[in-house]
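Order of listing sets the numbers, starting from 1, for every ligand and every atom in it. Quick caveat, the model's predicted, so the values are computed rather than measured.
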Amino acid sequence: MKSYRKELWFDIEKRRELINITSFVNDCLKESKIKEGMCLVNAMHITASVFINDDESGLHQDIEEWLEKLAPELPHSRYKHNTYEDNGDAHLKRTIMGREVVVAITEGKLDFGPWEQIFYGEFDGKRRKRLLVKIIGE
Ligand code: ZN
């Protein structure tokens, strides 16, 4: 069995941002030379998510508004976590949106359903962040 590991770094300028990382993961898959197996992609921060959904701007606004309703950023004082930090909302948003995705690899390709794209969701940005791609198979 072959095994491949890569960290991808991002400079996140805003506090919250969604980035389509599908092409990065495809590049990793090509580099791995694995044709059949599994690909794991996970955020390496507890205030960020990796998830799969549609690359459609209306949906991205809906996700932002929905998360703000469930875990509003302000006021910072509403979160017990915010004693030395102000990212209580970001921890909750990450919990809702999940840590990782696993995608099957078939005939050298990410075996997606229709419209599936992989996103990195940042909820406490304004700094360098990273994610992990791990691919195993033959
Ligand atoms: Zn925190």
Side-chain angles (χ1 to χ4, degrees):
M1 190 190 74
K2 282 190 231 167
S3 172
Y4 172 95
R5 180 188 191 276
K6 189 159 201 172
E7 291 180 13
L8 299 173
W9 287 85
F10 300 96
D11 286 306
I12 308 289
E13 285 168 22
K14 291 186 278 180
R15 181 172 171 109
R16 286 191 292 279
E17 205 169 316
L18 297 186
I19 303 170
N20 186 333
I21 57 168
T22 312
S23 64
F24 295 107
V25 179
N26 264 319
D27 291 345
C28 291
L29 181 55
K30 267 181 213 142
E31 204 173 84
S32 77
K33 299 193 180 358
I34 291 171
K35 302 288 180 205
E36 295 290 327
M38 301 294 259
C39 175
L40 166 82
V41 187
N42 68 264
M44 295 187 86
H45 303 273
I46 51 178
T47 53
S49 291
V50 173
F51 62 95
I52 291 180
N53 219 307
D54 193 1
D55 196 357
E56 195 278 309
S57 61
L59 176 65
H60 297 177
Q61 284 171 37
D62 291 338
I63 290 171
E64 161 69 17
E65 286 169 22
W66 179 64
L67 290 174
E68 269 301 290
K69 229 176 270 171
L70 292 171
E73 179 191 341
L74 299 171
H76 291 145
S77 61
R78 69 183 280 140
Y79 298 102
K80 293 182 182 72
H81 178 69
N82 288 345
T83 47
Y84 302 99
E85 292 187 291
D86 67 359
N87 64 3
D89 69 306
H91 287 279
L92 297 182
K93 286 168 175 138
R94 179 266 168 85
T95 302
I96 294 162
M97 296 303 291
R99 171 181 181 264
E100 77 276 303
V101 299
V102 177
V103 182
I105 299 158
T106 306
E107 295 176 354
K109 290 189 173 145
L110 296 168
D111 203 342
F112 285 133
W115 307 108
E116 284 192 330
Q117 297 280 295
I118 309 173
F119 291 89
Y120 176 78
E122 176 60 63
F123 308 117
D124 183 28
K126 299 181 182 170
R127 54 200 164 109
R128 288 197 87 203
K129 295 298 240 353
R130 68 192 160 135
L131 59 81
L132 176 69
V133 178
K134 180 89 182 188
I135 306 172
I136 55 170
E138 296 293 332

J.: Everything protein-side that's N, O or S and under 2.8 Å from the Zn ion (ligand 1): list it, residue and atom.
T.: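 Near the Zn ion (ligand 1), the protein supplies His81 NE2, Glu85 OE1, Asn87 OD1, His91 NE2.
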
J.: Would you call Val103 and Val41 a side-chain contact if the rule is heavy atoms closer than 4.5 Å?
T.: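 No. Closest side-chain heavy atoms not under 4.5 Å.
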
J.: Looking at residues at least two apart in the chain, or sitting in another chain, which of them share a side-chain contact (heavy atoms from CB on, under 4.5 Å) with Pro75?
T.: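 Listed in chain order: Ser77, Arg78.
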
J.: Taking the side chain as C-beta and beyond, is there a heavy-atom pair between Ile19 and Glu122 under 4.5 Å?
T.: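 They are not in side-chain contact.
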
J.: Restricting to pairs with a member in residues 84-114, which pass ring-ring contact (aromatic ring centres under 6.0 Å, His included), not counting sequence neighbours?
T.: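 Residue pairs with at least one partner in residues 84-114: His81-His91.
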
J.: Please list all pairs passing the ring-ring contact (aromatic ring centres under 6.0 Å, His included) test where one or both residues lie in residues 28-50, with sequence neighbours left out.
T.: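 The answer is none; no pair qualifies.
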
J.: What orientation do Phe24 and Phe10 show, parallel under 30°, tilted 30 to 60°, or perpendicular over 60°?
T.: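 Because their plane-to-plane angle is over 60°, the rings of Phe24 and Phe10 count as perpendicular.
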
